[in-house]
Amino acid sequence: MAVLGNQKSFLQIQQQLSELCLKTTYPTVAQDGVTQPGLTRLKQIINDAYSEVSTEVAWRWRFYDGYTFPTVMGQTTPYVLPDDCEELLWVTIPLYQQRLWATEYSQWLTNYPGRYTNYANAKPWSYIQAPDAANNAYQIYLFPAADLPPAGPYIVQIGYMKRITPLAADGDYMICPPEFQDAVIDRAIRKTYEFISDPKWSAYDDRDGSNTPAAMRYSSLWVKNGKFTEAISYWRDIRMERAYTASLDINRVLFSYGG
């Protein structure tokens with residue numbers, strides 16, 4: 001990933017917390033203890049803050065819609081999605097201006113007990129979440145199994161929310177922009193002060209209603225992200241239409257949408 005100006009590496013964030021909160025030059029940090037975070041605990045505090053801030057709202061920078069994959073003619077096994085796919089929002093076949101409809105696995109089996117059996121290959125109109133792969137990667141079935149149009153395989157495009165990978169190596173960077181990095185650092189500082197029972201934690205309280213620079217920084221990020229969050233909610237609502245289609249005859253409903 002490209003590193004933007006003012007982005008800090010995992011090592012630099014550890015140094016900042018160690019020197020500000022513990023008054024210790026990193027990496028000369030005490031061993032982990034009940035009242036004193038050592039190096040291992042400090043790294044965990046940073047990752048906890050990173051995970052919390054990243055997942056408290058559907059941030060714009062966690063959304064990705066640049067992943068595509070080709071269908072395989074007659075494939076009846078799941079398609080494995082990228083490792084960083086945490087939540088699938090939509091699936092389309094852009095060339096045909098087609099959105100694939102989410103269907104519950106149980107409803108799929110109810111309407112098609114044999115699944116692909118005795119159903120000819122065609123342009124897929126639905127996707128079904130399959131059990132996760134061995135490495136917990138997200139997988140989906142495409143139904144019907146794809147045929148092979150004259151133009152070649154169908155190119156499927158997906159939109160999803162990225163999974164947050166913990167920082168591990170000193171040279172790791174967060175996937176968020178610098179302004180969100182500052183919110184993560186505020187949260188990590190607060191957590192560190194709380195861990196050592198230092199009342200200065202209140203100066204870094206970013207919770208709603210707190211009158212601190214940290215809270216103002218964090219609330220401004222929510223405001224900037226507001227319209228995008230509404231869009232994410234809309235996409236999630238679209239996924240709930242499966243409950244509606246499941247209550248009707250799946251053939252009639254899906255074909256009526258141009259499947």
Side-chain angles (χ1 to χ4, degrees), residues 1-4 6-18 20-22 26-27 29 32 36-65 67 81-89 132-133 135-138 159-196 198 201-210 212-226 228-229 232-233 235-236:
M1 59 169 281
V3 178
L4 302 177
N6 197 38
Q7 280 191 293
K8 296 180 179 179
S9 68
F10 191 27
L11 175 60
Q12 289 172 318
I13 297 172
Q14 293 172 66
Q15 290 172 331
Q16 182 175 344
L17 262 68
S18 175
L20 175 66
C21 302
L22 308 181
Y26 185 92
V29 180
D32 283 326
Q36 177 72 18
L39 183 57
T40 301
R41 177 70 68 178
L42 203 61
K43 290 181 177 181
Q44 186 61 54
I45 288 173
I46 295 169
N47 272 307
D48 287 347
Y50 180 33
S51 177
E52 287 178 11
V53 170
S54 299
T55 57
E56 283 173 345
V57 71
W59 300 114
R60 188 185 308 272
W61 48 268
R62 283 188 59 211
F63 172 67
Y64 184 69
D65 67 348
Y67 181 79
L81 303 187
D83 289 346
D84 67 345
C85 176
E86 179 179 272
E87 180 183 7
L88 186 61
L89 297 173
D132 289 347
N135 65 341
N136 293 322
Y138 206 114
Y160 65 89
M161 300 300 287
K162 293 180 182 178
R163 176 177 288 111
I164 299 302
T165 303
L167 304 170
D170 285 344
D172 285 350
Y173 287 84
M174 301 179 195
I175 67 170
C176 58
E179 58 269 27
F180 287 87
Q181 165 197 269
D182 293 340
V184 171
I185 292 173
D186 283 341
R187 180 75 59 89
I189 292 172
R190 189 196 89 198
K191 285 178 170 290
T192 304
Y193 277 137
E194 287 178 327
F195 189 88
I196 60 178
D198 189 322
W201 69 265
S202 60
Y204 293 89
D205 190 356
D206 60 0
R207 286 171 287 203
D208 186 36
S210 300
T212 65
M216 288 186 283
R217 273 193 293 270
Y218 198 33
S219 63
S220 70
L221 298 177
W222 281 63
V223 172
K224 292 177 182 177
N225 200 70
F228 183 76
T229 301
I232 289 288
S233 297
W235 289 329
R236 286 173 174 152

Could you state the interatomic distance from [atom1] ([X]) to [atom2] ([Y]), rounded to the nearest 0.5 Å?
X: Thr192; Y: Leu20; atom1: OG1; atom2: CG; answer: 9.0 Å
X: Leu11; Y: Leu167; atom1: CG; atom2: CG; answer: 11.5 Å
X: Met161; Y: Arg60; atom1: CE; atom2: CZ; answer: 10.5 Å
X: Leu17; Y: Tyr193; atom1: CG; atom2: OH; answer: 9.0 Å
X: Ile185; Y: Ile13; atom1: CD1; atom2: CD1; answer: 4.5 Å
X: Glu179; Y: Trp61; atom1: CD; atom2: CH2; answer: 10.0 Å

Check the pair Asp172 / Ser9 against side-chain contact (heavy atoms from CB on, under 4.5 Å), numbers first and verdict last. CA-CA 6 Å; Asp172 285 350; Ser9 68; over 6 Å; no
Show the nearest heavy-atom pair for residues Tyr50 and Ile175, with the distance to one decimal.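 It is OH-N, 3.0 Å.
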What pair of heavy atoms forms the shortest contact from Arg187 to Ala49, and how long is it? CG-CB, 3.6 Å
Just to verify, what does Lys191 make a salt bridge (charged side-chain N to carboxylate O under 4.0 Å, His left out) with, not counting sequence neighbours?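 Result, salt bridge (charged side-chain N to carboxylate O under 4.0 Å, His left out) vs Lys191: Glu52.
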Full working for side-chain contact (heavy atoms from CB on, under 4.5 Å) between Asp206 and Arg217: CA-CA 8 Å; Asp206 60 0; Arg217 273 193 293 270; over 6 Å; no
Set of residues satisfying side chain to side chain contact (heavy atoms under 4.5 Å, CB included) with respect to [X], sequence neighbours excluded:
X: Ala203; answer: none
X: Glu86; answer: Arg62, Arg163
X: Ala215; answer: Ser210, Thr212
X: Ser202; answer: none

Heavy atoms, side chains only, cut-off 4.5 Å: are Asp170 and Gln12 in contact?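 Answer no - side chains too far apart.
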Side chains of Val53 and Tyr218 in contact at under 4.5 Å (non-hydrogen atoms):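 Side-chain contact under 4.5 Å: yes.
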Full working for side-chain contact (heavy atoms from CB on, under 4.5 Å) between Thr165 and Asp84: CA-CA 8 Å; Thr165 303; Asp84 67 345; 5.7 Å; no
Any chance you could lay out the side-chain contact (heavy atoms from CB on, under 4.5 Å) test for Phe10 and Lys43, step after step, and finish with the verdict? CA-CA 8 Å; Phe10 191 27; Lys43 290 181 177 181; 3.7 Å; yes
Is Gln14 reaching over with its side chain to a backbone N or O of Leu42, donor-acceptor style, under 3.5 angstrom? no
Can you check whether Ser51's main-chain N or O pairs, donor with acceptor, with Ser54's side chain at less than 3.5 Å?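 No, the answer is negative, given that no donor and acceptor are paired below the 3.5 Å cut-off.
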Examine the side chains of Lys8 and Gln16 and answer whether a donor and an acceptor come within less than 3.5 Å of each other. yes
Results of ring-ring contact (aromatic ring centres under 6.0 Å, His included) for Tyr64 - residues two or more places apart only: Tyr160
